[in-house]
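Residues: numbered from 1 along the sequence shown. All values derive from a computational prediction rather than experimental measurement. When reading the values below, keep in mind they use all heavy atoms of this one structure, side chains included, and skip hydrogens, waters and symmetry mates.
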Amino acid sequence: MKNRSWVFLAGGLLVALLLAGVVSNYASSHPDGLDSSLLKGCTVDADDNIVGGSCPAQQARDHEFADSPLADYGVRGVSNSFVSTGLSGVLGVLVTFAIGAGGFWLLRRRGTTPADGTTPADGTTPTDGTDTTTPVRRRADAAN
C-alpha cells in the first residue's frame with residue numbers, strides 16, 4: 001500500500017476515534033423516532049417511565065445482550081458516564097476496523113499465476129507447467 005493510502009487510512013481512523021470517543025458524549029439524550037412512536041398512547045413521567053395508557057412500549061423486554069460488557073452505550077464497570085460512553089465508542093470503532101481490515105486482508109488479490117495457463121497482465125506465461133519459476137515472454141503479435 002502506498003504511503004498516501006496509509007495516511008488517508010490513519011486519518012480516517014483518527015477522525016472516527018475522535019467522533020466515537022468525544023463527540024458521542026454530546027449526542028441527544030431524547031428518544032429517537034422509533035422510541036417516540038412506541039410511546040404514543042401512553043402517559044410518561046419526567047424520567048420517561050410509563051405511568052398510564054396503552055402503547056406498544058409496554059411490551060418491551062430486554063434483549064439477550066442486555067448484560068453484555070458494552071450494553072447501553074457504555075462499558076460495564078466504568079462509573080464515569082463520560083468515560084464509559086467514550087470508551088464504548090472507541091472500542092466499537094476499533095472492533096469494526098479490525099473486522100473490516102481482516103476481511104480485506106483475506107480477500108485481497110494475490111499476485112499468483114493463473115492455473116489455467118492464461119497470460120497474466122505483465123505478458124508472461126509459464127513454460128510447460130513443469131517449471132513455473134522462469135516465465136517465457138510472448139510477443140504481443142505472436143499467434144496463439
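- Scanning both residues, Gly92 and Thr96, for their nearest heavy atoms gives O-OG1, 2.8 Å.
- For Val90, the side chain to side chain contact (heavy atoms under 4.5 Å, CB included) partners two or more places apart in sequence, or in a different chain, are Leu17, Leu94.
- Listed here is the closest heavy atom pair of Ser24 and Gly86: OG-CA, 4.5 Å.
- The side chain to side chain contact (heavy atoms under 4.5 Å, CB included) search around Ala57 returns Leu38, Leu39, Ile50, Cys55, not counting sequence neighbours.
- Both Phe97 and Trp6 belong to a common hydrophobic cluster when Ile, Leu, Val, Met, Phe, Trp and Tyr are linked at side-chain heavy-atom distances under 4.5 angstrom.
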**Report entry** Test log, rule side-chain contact (heavy atoms from CB on, under 4.5 Å), inputs Leu13 and Leu9
**Finding:** CA-CA 6 Å; Leu13 182 60; Leu9 188 63; 5.9 Å; no
Report task. Would you check, one step at a time, whether the test side-chain contact (heavy atoms from CB on, under 4.5 Å) holds for Leu19 with Val93? Result -> CA-CA 10 Å; Leu19 287 173; Val93 167; over 6 Å; no
Under 3.5 Å donor-acceptor pairs involving side-chain atoms of residues 40-47, not counting sequence neighbours:
residue	atom	partner	partner atom	Å
Asp45	OD1	Asp47	N	3.1
Asp45	OD1	Asp48	N	3.2
Asp45	OD1	Asn49	N	2.8

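- Hydrophobic clustering (side-chain heavy atoms under 4.5 Å, transitive across Ile, Leu, Val, Met, Phe, Trp, Tyr) groups Leu70 together with Leu87.
- Within a 6.0 Å radius of CZ in Phe82, other residues, nucleotides and ligands contribute more than 12 heavy atoms.
- Side chain of Ser88 to backbone of Ser84: no donor-acceptor contact under 3.5 angstrom is found.
- Annotation: side chain of Tyr26 is not in contact with side chain of Thr85 (no heavy-atom distance under 4.5 Å).
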